[in-house]
Amino acid sequence: YVDVGGVFCRFGGGGAGAVVAASLRSSEELVCVAPAVAAGGVTRIALTLNGDELAFVEPASNASFTYYDAGSVGVSTVLPAAGPSAGGSLLNVSGVGFSALGPMICRFGLESRVTVATLVDSQLVQCRTPVIAGLPVFGGALPAGGQRERVQVSINGQDYTRSGASFVAFDARFVHVSALAPSGGPLEGGNRVVVAGRGFVDHNAHCRFGDGSALVRATVLNSSALLCTVPQHDVAAALAVEVTLNGDVAAHTLTSDGVQYAFFNASAVRIDSVSPLGGPSAGGTEVVLVGGGYVDVGGVFCRFGGGGAG
């Protein structure tokens, strides 16, 4: 490319094309701004380097530009809907009208907060979250419940979609598990355990009992306690219970505190003898039970009498 009297681009063929001035960046690159058109579609691009609008050259490469209706491209949902502010969460961004017309980008609120997107199909793109910090006036700290940012997609590297979806960034450094109550139970599972800790918020919170096991949906009671139903386990073992606030099992999302829950075989718990065999009705007699399978996993109790009357 060389400017010998004025460089122009023409969008469209012949007399129906729209002509705009171009900026020459080098002998191999120039820039022109696409003019507005009445309808979408593919249009040819031609050039003139000497200002003669009657002497446009259409490149042999069949250069073209695709106009699309901005209203037909948009984001509807983002999953997971939340993740650590340190970034790195893989998001499924659903919407309509996605196609690759240039570099595909996800933007999270600020113009500078962008990551590369991958086109899966016309209704789904994937991208990883960037680092998201709080407002400078707060020293970059995030609100306790996380910071919500609008998620937009660019299918051409410049223009961003409308969006009805958002992503909540939370500081995973403040999410921890400190204790379990009870701290153990039978292999059959089904009992509920209170997970104590801090930083709990329900962005699709789950518990995981041991590495590689299926997630269990959690009920967040407050910021320092949540409730999970214990799953079944095959063998007696002590497994670490970790929490993910967003249903993601990536290492950067799960807690890593290692607080353990002990599964025991209830059928192995037995009473072989009771000593003494009786005492005053006023109570107070110390009774020794001898048997097997005894282990304290959250409090050991004896019941005298059957059912609710015991």
Side-chain angles (χ1 to χ4, degrees), residues 144-145 170 172-249 251 253-310:
F170 58 84
R173 297 175 301 172
F174 299 138
V175 183
H176 290 285
V177 174
S178 59
L180 305 173
S183 57
L187 295 176
E188 293 76 15
N191 54 298
R192 297 194 296 178
V193 60
V194 175
V195 181
R198 60 190 176 96
F200 298 152
V201 181
D202 192 4
H203 300 301
N204 193 26
H206 284 73
C207 296
R208 190 180 75 176
F209 289 74
D211 293 341
S213 65
L215 295 178
V216 177
R217 187 68 166 99
T219 300
V220 176
L221 304 177
N222 53 50
S223 63
S224 58
L226 51 81
L227 191 66
C228 283
T229 299
V230 179
Q232 180 269 341
H233 195 63
D234 294 333
V235 297
L239 302 179
V241 176
E242 306 296 352
V243 169
T244 171
L245 297 187
N246 65 351
D248 188 1
V249 295
T253 301
L254 280 166
T255 58
S256 57
D257 298 298
V259 178
Q260 294 188 327
Y261 181 88
F263 285 92
F264 64 86
N265 186 353
S267 64
V269 180
R270 68 184 194 277
I271 300 174
D272 295 333
S273 66
V274 179
S275 179
L277 296 177
S281 59
T285 302
E286 185 176 277
V287 180
V288 177
L289 306 182
V290 177
Y294 301 157
V295 59
D296 186 351
V297 289
V300 181
F301 295 86
C302 297
R303 186 182 69 194
F304 289 75

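For the numbers below, each heavy atom of this structure counts, side chains included, while hydrogens, waters and symmetry mates do not.
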V194 versus A225, closest heavy-atom pair with distance: CG1-CB, 4.3 Å

Partner residues of F263 under the ring pair (Phe, Tyr, Trp, His ring centres under 6.0 Å) criterion, sequence neighbours left out: H233, Y261

Are there over 12 heavy-atom neighbours, none belonging to I271, within less than 6.0 Å of that residue's CD1? no

Pairs in or reaching into residues 268-278: which pass side-chain hydrogen bond (donor to acceptor under 3.5 Å, both in side chains), with residues at least two apart or in two chains? R270-D272

If only atom types and distance count, is the side chain of R217 paired as donor or acceptor with the main-chain N or O of T219 below 3.5 Å? no

Within the 4.5 Å heavy-atom criterion, are D211 and R208 side-chain neighbours or not? yes

I'd like to check V269 versus Y294 (side-chain heavy atoms, cut-off strictly below 4.5 Å). Are they in contact? yes

Does the side chain to side chain contact (heavy atoms under 4.5 Å, CB included) test come out yes or no for L245 and F200, once each step is laid out? CA-CA 7 Å; L245 297 187; F200 298 152; 4.3 Å; yes

The side chain to side chain contact (heavy atoms under 4.5 Å, CB included) partner of V243 among V259, V220, L215, V195 is V195

Separation between CG (N265) and CD (E188), nearest 0.5 Å, reads 7.0 Å

For the side chain of E242 and the backbone of G258, is there at least one donor-acceptor N/O pair under 3.5 Å apart? yes

Closest heavy-atom contact between T285 and P276? CG2-CG, 3.9 Å

Considering only heavy atoms from C-beta outward, does the side chain of D257 approach that of S178 to under 4.5 Å? no

Which atom names give the shortest non-hydrogen contact between T229 and R192, and what distance separates them? OG1-CG, 3.8 Å

Could you tell me which non-hydrogen atom of V274 sits nearest to which non-hydrogen atom of L277, and how far apart they are? O-CD2, 3.0 Å

List in chain and number order the residues that pass ring pair (Phe, Tyr, Trp, His ring centres under 6.0 Å) with H203, two or more places apart in sequence or in another chain; answer none if no residue qualifies. F170

So how far is it from D248 CG to N204 CG, rounded to the nearest 0.5 Å? 10.0 Å

Does the side chain of V287 come within less than 4.5 Å of C302's, by heavy atoms? no

